[in-house]
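Quick note: residue numbers are just sequence positions, from 1. Read the numbers this way: they start at 1 and go in the same order the structure lists the ligands and their atoms.
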Amino acid sequence: MSSPFENSQSARLDLRTWPEVEEYLQSCKGIILPIGSTEQHGPTGAIGTDAFTAEAVALEVGRRTGVLVAPTQAFGMAEHHLGFPGTMSLQPSTLMLLMHDIVLSLATHGFERIFVVNGHGGNIATIKAAFSEAYSSVLKRRLPVANKVRCKLANWFLASEVFKEARNLYGDKEGKHATPSEIAVTLHLHPLLLNKQHPLPPAAPAGPIHGPEDFRRRHPDGRMGSEPYLAKPEDGEILLDIAASSLSKDLSNFLDAS
Ligand code: NI
């Protein structure tokens with residue numbers, strides 16, 4: 001692991017030049033890749049919630065560990081949210097190709113440890129499938145790093161310390177979608193979103209869903225069992241810190257592992 005960066009912007013790959021990236025690779029083979037989703041988050045939550053949160057966690061992990069952060073992938077697999085305007089989704093097959101191609105590009109340049117910080121549950125299955133595809137491709141193409149490439153999926157909202165704090169703050173009003181914990185992080189990042197917050201009637205409990213129409217029928221305002229009006233910006237700051245601590249530990253173990 002490298003020395004910490006002076007601030008989170010210093011962790012951004014897209015603010016580096018290629019000679020800087022080449023030099024970085026001499027001492028660190030790791031990179032962080034944030035991915036979110038562009039999808040409805042209930043009547044008071046921002047469409048960009050999952051991308052904002054993944055990016056913020058990724059940049060803070062990058063700052064603390066000295067590992068570069070790739071540009072955020074803002075679109076994810078959100079087919080079941082397409083009943084609500086503003087949602088933009090990649091089909092699983094599209095997302096799989098996209099993740100595969102990104103991993104392959106990075107592996108071509110010598111990155112060996114790809115740490116994906118994910119902000120959206122709907123991406124999990126597809127990202128894991130993409131890793132399998134990418135492992136197969138690097139071997140077939142006989143890339144110099146073929147046997148060394150490892151990918152790891154880190155879902156910040158499922159980290160046990162984050163989960164515990166969310167339960168502690170909101171109990172069973174955390175719910176499953178448009179949760180107060182993720183909304184709190186967005187309020188910390190974008191105070192303008194505070195204007196949109198107001199109390200809501202109890203949300204329909206989380207349950208099985210079968211596509212966008214069924215989602216909207218069961219969850220007419222887009223929430224699944226959550227009470228996002230409980231979210232406060234100061235909770236978001238705490239949750240972000242807890243998520244960054246937890247994922248920084250995971251990342252250092254990942255970089256050290258053979
Ligand atoms: Ni979300």
Side-chain angles (χ1 to χ4, degrees), residues 33-60 72-90 92 95 99 116-127 153-159 161-163 165-167 169-170 172-190 192-194 196-197 200 203-209 211-212 215-216 218-233 235-240 242-244 246-247:
L33 184 59
I35 177 165
S37 180
T38 300
E39 68 182 44
Q40 70 86 12
H41 271 77
T44 59
I47 300 275
T49 296
D50 293 349
F52 297 154
T53 54
E55 180 168 83
V57 172
L59 286 172
E60 183 55 22
T72 302
Q73 168 55 31
F75 300 108
M77 205 297 283
E79 297 290 294
H80 47 302
H81 293 287
L82 281 170
F84 298 87
T87 299
M88 284 177 267
S89 173
L90 301 180
L95 179 58
M99 292 299 291
V116 176
V117 174
N118 177 38
H120 174 51
N123 290 337
I124 294 174
T126 308
I127 292 172
L153 177 60
N155 305 297
W156 76 265
F157 54 98
L158 294 178
E161 295 91 337
V162 173
F163 199 76
E165 182 62 11
R167 286 283 149 188
L169 287 166
Y170 313 119
D172 60 4
K173 295 183 164 59
E174 166 75 354
K176 297 283 184 203
H177 180 65
T179 63
S181 58
E182 62 180 339
I183 300 301
V185 174
T186 68
L187 298 180
H188 165 61
L189 298 171
H190 300 288
L192 273 175
L193 294 171
L194 272 167
K196 302 186 198 304
Q197 306 311 305
L200 295 163
I209 41 160
F215 190 118
R216 188 149 179 175
R218 291 173 192 256
H219 305 284
D221 75 2
R223 294 174 296 150
M224 292 176 89
S226 66
E227 305 298 344
Y229 66 87
L230 297 171
K232 296 187 189 73
D235 300 346
E237 191 174 4
I238 292 166
L239 287 159
L240 184 55
I242 294 172
S246 172
L247 268 58

### Message
Quick one about Glu79 and Ser89 (side-chain donor to acceptor, distance below 3.5 Å, no hydrogens or angles considered), yes or no?
### Response
yes
### Query
Of the backbone and side-chain N, O or S atoms of His120, does one lie nearer to the Ni ion (ligand 1) than 2.8 Å?
no
### Task
State the CD-CG distance between Glu182 and Leu187, to the nearest 0.5 angstrom.
11.0 Å
### Message
Among the N, O or S atoms of Asp50, which one sits nearest to the Ni ion (ligand 1)?
### Response
OD1
### Query
Is it the case that Arg167 places NZ or CZ above or below the six-membered ring of Phe163, under 6.0 angstrom from the centre and within 45 degrees of the axis?
yes
### Query
If you look at every heavy atom in Ala166 and Ser181, which pair is closest and at what distance?
CB-CB, 4.0 Å
### Task
Please determine if the Ni ion (ligand 1) has an N/O/S atom from Glu182 lying under 2.8 Å away.
yes
